[in-house]
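Every value quoted in this text rests on a predicted model; they were computed, and no experiment measured them. Naming: A, B, ... by sequence-line order, numbering from 1 per chain.
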2 protein chains.
Amino acid sequence: MWRGDELEFVASVVVGVASLSKTLEDGRTQMVGLLLPSDFIGRPGREEIEFDVTATTDVTLCCFRRKPFEKMVEKTPHLSQRLMELALDELDAARDWMLLLGRKTAREKIATFLEMLMIRSRTDNIEGNRPDLALPLTREQIANYLGLTLETVSRQLNALKKDGVLEFTDRRNFTVRDIAKLQEATGDDADGGMIV
Amino acid sequence: MWRGDELEFVASVVVGVASLSKTLEDGRTQMVGLLLPSDFIGRPGREEIEFDVTATTDVTLCCFRRKPFEKMVEKTPHLSQRLMELALDELDAARDWMLLLGRKTAREKIATFLEMLMIRSRTDNIEGNRPDLALPLTREQIANYLGLTLETVSRQLNALKKDGVLEFTDRRNFTVRDIAKLQEATGDDADGGMIV
DNA sequence: CGTTCAGTTGAAGGCATTCAACGTCGGTGG
DNA sequence: CCACCGACGTTGAATGCCTTCAACTGAACG
């Protein structure tokens, strides 16, 4: 686990999954971001980040020393523009997640999480649009991402299975049997402009 | 109320308070940002924003037409750097709020909200460190900001009053009688590096 | 005055949590 | 080899926090 303020690198995730999280003094934890392949870690112009970065699977990073990287950014307006875009994307994602954390039910949270996994790890269309996916997080980590307890996560996953939405090959791997039902369960607009 | 995609301006808040919010199809809404004086509205390089901007009090804005503003940004590296900082500040704020939404109790949410108001509207020290503050939001808007119902907001505010933390001069104006108790009630680290 | 909107308060109910026990799997060492 | 252990996951029962539903208050306004 990395504490941000020891960090003199910036990096990009190549393989694997990492997470950003914040913790209250009494131990309650909230994941505030999931870092999937292609995501960027670190921020230009800031020495430190004030949350924990944790690898949740084996991870391969592409690291750059901070100083030379920042010099390169200064000299390349195109790059700084790109970094701004990344920051704004993260901001949008954070705000979507605020809606989830503040207003969605447990079932909707789980469904939204699974839908996001499906969209972001485009290993789908393997056979007749039945994406075969792996959970990159333990039940507890999912709970911390969704603002739930691990027991509730377990129950809701099994409820979705019972309802024929999911099928598990083992505890960490599953297929989405019914994409339409999954999307209904997210609570979002039926086809929120999404091309799936 | 502004819909973002009709917007050909960017702006800065001068006086008053506005809010950013997202809504589910069934009407549940979550405020994802509060815009206080000095905050910036709009984003470079993006035609639209996909949430609602609503004034919650009378507001004075300082507006710029988008096109000329963007040209100015391109020519002024210092300015684009500043915008990046603003975006990263918003990102940090969003992530703090995710911790609140996902993990804090109703009482902690209210206390955190009031503490934030106190810090951001530095009208305090009016007499012996007893900030006199105005709620810029209705109970319902506070509820939408904190992921609660308006009844719960009302109850918790009155509970804080009963506990001697607050004192109301009327329904929208109050003073903090006991800052230490308020900070305890936030659930955050006792003195999380905060200089109050 | 009556109406409306914001806020308060009470009572009942529900969803998620909490507490607890059990099941499963992989690794480690006797 | 297998017994043990710890990490992860499931499931049941009870509790509780917040919500939901509903009635009421008070101030502003025409």
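Applying the side-chain contact (heavy atoms from CB on, under 4.5 Å) test to B:Thr56 and every residue at least two apart in sequence or in another chain returns B:Val17, B:Ser19, B:Leu137, B:Gln141. Annotation: salt bridge (charged side-chain N to carboxylate O under 4.0 Å, His left out) contacts of B:Glu151 (sequence neighbours excluded): none. For A:Glu140, there are no salt bridge (charged side-chain N to carboxylate O under 4.0 Å, His left out) partners, not counting sequence neighbours. Listed by chain and residue number, nothing satisfies the side-chain contact (heavy atoms from CB on, under 4.5 Å) test with B:Glu184 (two or more places apart in sequence, or in another chain). When the salt bridge (charged side-chain N to carboxylate O under 4.0 Å, His left out) test is applied to A:Asp58, no partner is found at least two apart in sequence or on another chain. Under the salt bridge (charged side-chain N to carboxylate O under 4.0 Å, His left out) criterion, B:Asp92 pairs with A:Arg43, A:Arg46, sequence neighbours left out. Annotation: ring-ring contact (aromatic ring centres under 6.0 Å, His included) contacts of B:Phe69 (sequence neighbours excluded): B:Phe40, B:Phe64.
Take the nearest nucleotide of DNA chain C for B:Ser154 and for A:Val153: the residue whose nucleotide is more 5' is B:Ser154.
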Tabulated below should be each protein N or O lying under 3.5 Å from an N or O of nucleotides 19-25 of chain C; please produce it.
from, atom 1, to, atom 2, distance (Å)
C:dC19, N4, A:Glu151, OE2, 3.2

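B:Leu150 forms part of no hydrophobic cluster, judged by ILVMFWY side-chain heavy-atom separations under 4.5 Å.
A:Lys71 has no carboxylate O lying under 4.0 Å from a charged side-chain N of A:Glu74, or vice versa, which leaves the two without a salt bridge. Using a cut-off of 4.0 Å between Lys/Arg side-chain N and Asp/Glu carboxylate O, A:Lys104 and A:Asp188 are scored as salt-bridged.
Distance CD1 (A:Ile110) to P (C:dC15): 16 Å, rounded to an integer number of Å. For the pair A:Lys162 NZ and D:dT10 P, the computed distance is 13 Å after rounding to whole Å. Straight-line distance from the NZ atom of B:Lys161 to the P atom of C:dT8: 8 Å, rounded to whole Å. Rounded to whole Å, atom C1' of D:dC17 lies 13 Å from atom CZ of A:Arg28. We find that CG of A:Asn158 is positioned 18 Å from P of D:dC8, with the value rounded to whole Å.
Within residues 136-150 of chain A, the residues approaching DNA chain C are A:Gly147, A:Leu148, A:Thr149, by heavy-atom distance under 4.0 Å. Taking a 4.0 Å limit (strictly below) on heavy-atom distances, residues 100-108 of chain A does not reach DNA chain D anywhere.
Here A:Thr152 reaches the OP1 or OP2 of C:dT17: one of its side-chain N or O atoms lies under 4.0 Å away. At D:dG9, one or more side-chain N or O atoms of A:Arg172 fall inside 4.0 Å of OP1 or OP2 (strictly under the cut-off).
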Return a table of donor-acceptor pairs under 3.5 angstrom between the side chains of residues 163-171 of chain B and protein atoms on other chains or two or more places apart.
from, atom 1, to, atom 2, distance (Å)
B:Asp163, OD2, B:Arg107, NH1, 3.0
B:Asp163, OD2, B:Arg107, NH2, 2.9
B:Glu167, OE1, B:Arg177, NH1, 2.1
B:Thr169, OG1, B:Asn173, O, 3.2
B:Asp170, OD1, B:Arg172, N, 2.5
B:Asp170, OD1, B:Asn173, N, 3.1
B:Asp170, OD1, B:Asn173, ND2, 3.4
B:Asp170, OD2, B:Asn173, ND2, 3.3

